[in-house]
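Proteins come first, then strands; the chains are lettered A, B, ... in the order of their sequence lines, and each starts at number 1.
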Amino acid sequence: MQNYLDGLNAQQLAAVQHIDGPIMIVAGAGSGKTKVLTTRIAHLMKNGVDPFNILALTFTNKAAAEMKERVEKALGNTEARNLYIGTFHSVFARILRAEATRLGYPSNFTIYDTDDAKGIIRSIVKDMNLDDKHYKPAFIYNRISAAKNGLVDAATYRNDTHIQQEDARSNRPLLADIYDTYSKRCFKNGAMDFDDLLFKMYVLLTNYPEALAKYQGRFRYILIDEYQDTNVAQYAIIKMLGARNENICVVGDDAQSIYSFRGATVQNILQFQDDYEDAVIIKLEQNYRSTQTILQVANNVIGNNANQIPKELWTDNAEGEKILLARTMTDNDEGKFVADAIKEQQMRNHYANKDFAVLYRTNAQSRAFEESLRRLNIPYKLVGGTSFYQRKEVKDYLAYLRIIVNPQDEENLKRIINYPARGIGKTTIERVIVRADQLNTTFWETIANPEIDGLRSSHTDGFVMMINSFRTMLEKQNAYDVAFAVGKHTGLVQELYNDKTVEGVARYENVQELLNSIKEFTETPDEEGELHDKSLGSYLQQITLLTDADQDKGVDADAVKLMTIHAAKGLEFPCVFAVGLEENLFPSSMSLYDRADLEEERRLFYVAITRAKHRLWITYSNSRYRFGSLVQNDPSRFIKEVPPAYLDTTFTGTGNRPAGNTSSFGSMFNQSFDNIPSLKKLADKLAAPKPAAHTPSPDFVQDDATAMDAGMQVEHQKFGFGKILTVEGGTANRIASIDFGPAHGVKKIMLNFAKLRIVKS
DNA sequence: GAGCGATTAATTTTT
DNA sequence: TTAATCGCTC
């Protein structure tokens with residue numbers, strides 16, 4: 001085996017070989033950060049540190065998995081399995097599970113995701129007879145989340161004059177009450193939300209010195225990835241855990257801090273030296289990823305931000321291609337431009353599908369790219385977005401599993417007590433809640449305890465018996481066996497199976513997929529030296545902390561990746577498209593009036609740029625659909641921050657140029673595609689109308705679809721002038737055949753969706 | 001209590 | 001445009 005220290009530059013080597021004492025590694029984009037971290041862990045172990053004493057914290061499960069894999073590789077053995085590597089949330093969840101009883105929680109506590117939490121807040125707001133348009137659940141959730149991440153509990157929140165003034169100013173004086181009720185409700189339900197996993201960990205270490213001592217003794221070497229994204233709670237926890245030995249190694253890049261909306265504070269990285277006076281600071285400034293051009297552009301862009309640790313990234317790599325800037329007319333054109341460009345690059349430079357990434361600001365932007373990629377038969381993979389675990393049918397199923405493990409959990413209990421329908425309606429549920437409150441007990445106790453009378457019925461008794469029968473399975477049977485029984489005996493699977501609509505079939509498949517994943521869980525050997533706990537409780541504990549990005553099914557597949565820039569952090573691709581560079585979108589309209597917010601958007605742009613190894617495209621569109629109506633945006637201010645010398649502006653033509661049809665390769669593909677009639681039909685269905693050389697009249701206004709009829713002359717935004725031949729279909733779904741002349745021929749247009757102007761009726 | 005149609009609200013980013 | 005909630009009817 002090659003020496004694991006080979007191939008490190010001087011700074012990297014210094015960082016790796018530093019063993020004891022605090023160290024901060026300021027690692028610019030593409031400077032080999034993960035390599036340093038993993039090599040450092042290997043080095044610690046080679047120097048006699050017990051892997052059992054090493055804790056490495058990351059932000060994503062993916063990063064944790066990668067780190068573990070690379071350490072194993074560097075070591076060439078399986079010693080790494082005793083390492084404690086994981087996300088903040090999953091590591092703390094595991095510790096809290098072991099220590100739960102100290103804090104009064106069941107060890108099988110439920111973890112609420114954001115939707116669960118918002119649901120509870122919504123019901124509290126309702127109970128308090130407040131207007132949920134003013135007391136918006138999402139807003140309140142963020143407020144509570146921010147409080148917890150700042151280590152402010154409900155009581156402190158109420159007594160903090162500054163916070164109270166703020167809430168009074170926004171006319172939401174009852175937020176403190178809501179926070180208080182919310183916390184109590186979660187506690188009563190035996191549940192923690194994401195922020196509790198940090199907050200309660202802090203409480204545990206603060207209030208229970210023996211717990212603190214135990215984990216300080218265990219974690220003698222602590223490594224933190226993406227330190228710039230830590231919040232106050234994480235900071236405090238790390239500080240406490242590391243206080244005994246101060247063997248803390250943090251790695252981060254202030255220029256890539258993009259999570260302040262979630263409470264992260266760059267302050268943590270900026271003040272590391274103040275916290276640890278003898279801290280060693282090492283800067284990694286050589287970039288191994290990108291071309292000179294890409295790096296210069298990135299440096300220039302980030303230079304517009306005021307607050308940062310001074311550093312200058314440089315590279316030995318080739319100068320590379322210019323950055324390609326492209327302007328299109330619509331969002332669909334943008335999608336098409338990108339798909340065409342990918343096809344063209346594949347032909348010219350033999351890139352594989354997986355060499356491309358399309359990075360956007362918001363998930364909602366993915367659609368146009370999906371359509372155009374599908375149209376050109378380019379495989380793609382959507383990373384992130386609505387999580388599998390957020391789908392209704394999956395949540396329903398999981399709700400059953402959760403209350404079996406933790407029947408205290410009222411929210412999940414209410415969710416499925418009458419699904420599938422079993423005659424326990426709103427009225428019954430209301431009564432039970434009232435009764436439970438009177439008796440100061442839980443919902444479950446109220447229906448399950450035979451001593452409590454007057455509310456139970458054959459319906460509730462049947463339900464309780466069923467749940468209890470599952471509960472008896474918990475000890476002896478693994479997660480899959482229980483889950484399977486649930487699907488069978490609740491009628492859940494049958495219910496979905498009976499639904500033969502397209503959506504119904506998809507739901508059924510999703511539930512099958514869920515069962516498969518549970519099965520996979522029970523059959524995968526445990527890592528990290530943990531006991532072989534294949535129980536349902538163990539499964540549920542980790543499932544909430546997983547996101548789609550972590551499922552990594554097909555992540556390695558040869559497909560173009562579509563994702564938000566946030567999701568792309570830490571990744572790299574030979575070819576990157578940074579799309580939607582428009583004011584109000586990127587930078588987001590939410591961030592335009594605050595300097596700090598704007599700088600965060602700029603860092604986000606910096607992250608997008610620095611994902612690229614060889615080639616980078618920046619695209620923007622004149623107009624795009626939002627809420628189904630067309631909006632116009634100016635080009636993003638960030639575009640002006642790219643020095644013109646590095647830009648290829650061939651595709652930004654002014655005015656009328658049909659921006660979508662930009663490459664000869666692109667149109668060639670369309671033609672060959674169109675020659676296959678069956679495929680063309682499919683493509684027409686899937687894709688938006690192709691852009692063509694028609695420029696809409698300056699006074700183009702979309703006319704009311706119901707006014708259209710046969711014989712009229714109309715103008716289409718893309719196809720130009722035409723004559724309506726026939727109109728078929730009912731009022732809701734009228735389809736017109738319109739002759740657009742030799743250039744486009746006869747098109748069938750759905751009047752509901754088409755943008756048509758009546759020229760002559 | 002269940003099912004259907006109508007109204008409305010939402011789009012920033014995620015563990 | 002879509003998803004989710006509301007309210008009405010059976």
Side-chain angles (χ1 to χ4, degrees), chain A residues 57-64 86-93 111-115 117-119 122 126 132-133 136-139 141-142 145 148-149 192-199 226 229-231 233-234 257-264 331 359-368 383-387 389-392 418-430 459 503 542-550 563-569 580 584-592 597 600-601 603-605 607-608 624-631 688 732 752-753:
Chain A
L57 294 172
T58 66
F59 275 83
T60 64
N61 296 294
K62 199 164 51 181
T87 64
F88 281 92
H89 289 83
S90 69
V91 167
F92 295 170
I111 298 175
Y112 283 154
D113 66 19
T114 311
D115 289 336
K118 282 181 193 162
R122 185 172 291 112
K126 219 175 206 172
D132 71 351
K133 296 205 177 67
K136 284 193 192 132
F139 177 88
Y141 174 78
N142 285 332
S145 173
K148 284 185 190 170
N149 286 326
M192 295 195 197
D193 65 18
F194 285 147
D195 305 311
D196 282 331
L197 294 176
L198 307 180
F199 189 55
E226 310 279 12
D229 287 330
T230 51
N231 59 36
Q234 287 160 330
S257 160
I258 55 175
Y259 280 106
S260 80
F261 69 93
R262 220 167 67 195
D331 45 0
L359 307 183
Y360 35 76
R361 179 70 236 276
T362 68
N363 277 307
Q365 287 166 256
S366 68
R367 200 147 109 199
V383 181
T386 329
S387 161
Y389 297 104
Q390 280 170 5
R391 290 167 204 272
K392 186 183 173 301
N418 200 34
Y419 177 77
R422 52 174 71 87
I424 307 176
K426 239 185 196 157
T427 337
T428 314
I429 294 174
E430 286 299 317
H459 296 305
E503 304 86 42
Q542 52 174 280
I543 205 70
T544 318
L545 299 172
L546 283 184
T547 63
D548 255 13
D550 303 316
M563 65 185 102
T564 64
I565 300 167
H566 282 88
K569 196 175 70 162
N584 297 317
L585 181 63
F586 194 11
S588 151
S589 54
M590 312 288 287
S591 65
L592 294 181
D597 288 347
E600 176 144 322
E601 295 283 311
R603 291 194 293 269
L604 199 52
F605 184 43
V607 168
R624 68 175 61 241
Y625 278 93
R626 214 173 183 185
F627 305 115
S629 64
L630 206 59
V631 293
N752 282 351
F753 301 111

Tell me the interatomic distance from A:Lys118, atom NZ, to B:dT15, atom P, rounded to whole angstroms. 14 Å

From CG of A:Asp115 over to C1' of B:dT15, roughly how many Å is that when rounded to an integer? 13 Å

Whole Å only: how far is the CZ atom of A:Arg122 from the C1' atom of C:dC6? 13 Å

Could you check whether A:Ser90 gets within reach of a base, just the sugar-phosphate, or nothing at all, counting any heavy atom under 4.0 Å? nothing

Take A:Leu585 and A:Arg624 through the side-chain contact (heavy atoms from CB on, under 4.5 Å) test and state the conclusion after the steps. CA-CA 10 Å; A:Leu585 181 63; A:Arg624 68 175 61 241; 3.6 Å; yes

Do A:Thr87 and A:Ser90 have side-chain N/O donor and acceptor atoms under 3.5 Å apart? yes

Walk me through whether A:Thr544 and A:Tyr112 qualify under side-chain contact (heavy atoms from CB on, under 4.5 Å). CA-CA 7 Å; A:Thr544 318; A:Tyr112 283 154; over 6 Å; no

Please report the distance, rounded to the nearest Å, between CG in A:Asn61 and C1' in B:dT14. 12 Å

Pair A:Lys126-A:Asp132, salt bridge (Lys or Arg N to Asp or Glu O under 4.0 Å): steps then yes or no: CA-CA 7 Å; A:Lys126 219 175 206 172; A:Asp132 71 351; over 6 Å; no

Quick one: label A:Asn418 by what it contacts on the DNA or RNA (base, sugar-phosphate, nothing), any heavy atom closer than 4.0 Å. sugar-phosphate

How far apart are the C-alpha atoms of A:Asn418 and A:His459, what are their side-chain angles, what is the distance that settles it, and do they pass the side-chain contact (heavy atoms from CB on, under 4.5 Å) test? CA-CA 10 Å; A:Asn418 200 34; A:His459 296 305; over 6 Å; no

For atom C1', what is the distance between C:dA4 and B:dT13, given to the nearest Å? 22 Å

Give a yes or no answer on whether the side chain of A:Asp196 reaches the backbone of A:Phe199 with a donor-acceptor pair at less than 3.5 Å. no

Please state whether the phosphate of B:dG1, meaning OP1 or OP2, lies under 4.0 angstrom from any side-chain nitrogen or oxygen of A:Thr428. yes

To the nearest Å, give me how far apart CG (A:Leu545) and P (B:dT14) are. 16 Å

Could you tell me if the ring centre of A:Tyr259 sits under 6.0 Å from that of A:Phe261? yes

When rounded to whole Å, the CZ to P distance for the pair A:Arg391 and C:dA3 reads 11 Å

Reading nucleotides 3-13 of chain B from 5' to 3' and marking B where a protein heavy atom lies under 4.0 Å of the base, S where only the sugar-phosphate is that close, and - otherwise, the string is ------SB-BB

Whole angstrom value for the distance that separates P of B:dT15 from CG of A:Asp229: 12 Å

In whole angstrom, what separates A:Gln390's CD from B:dT15's P? 10 Å

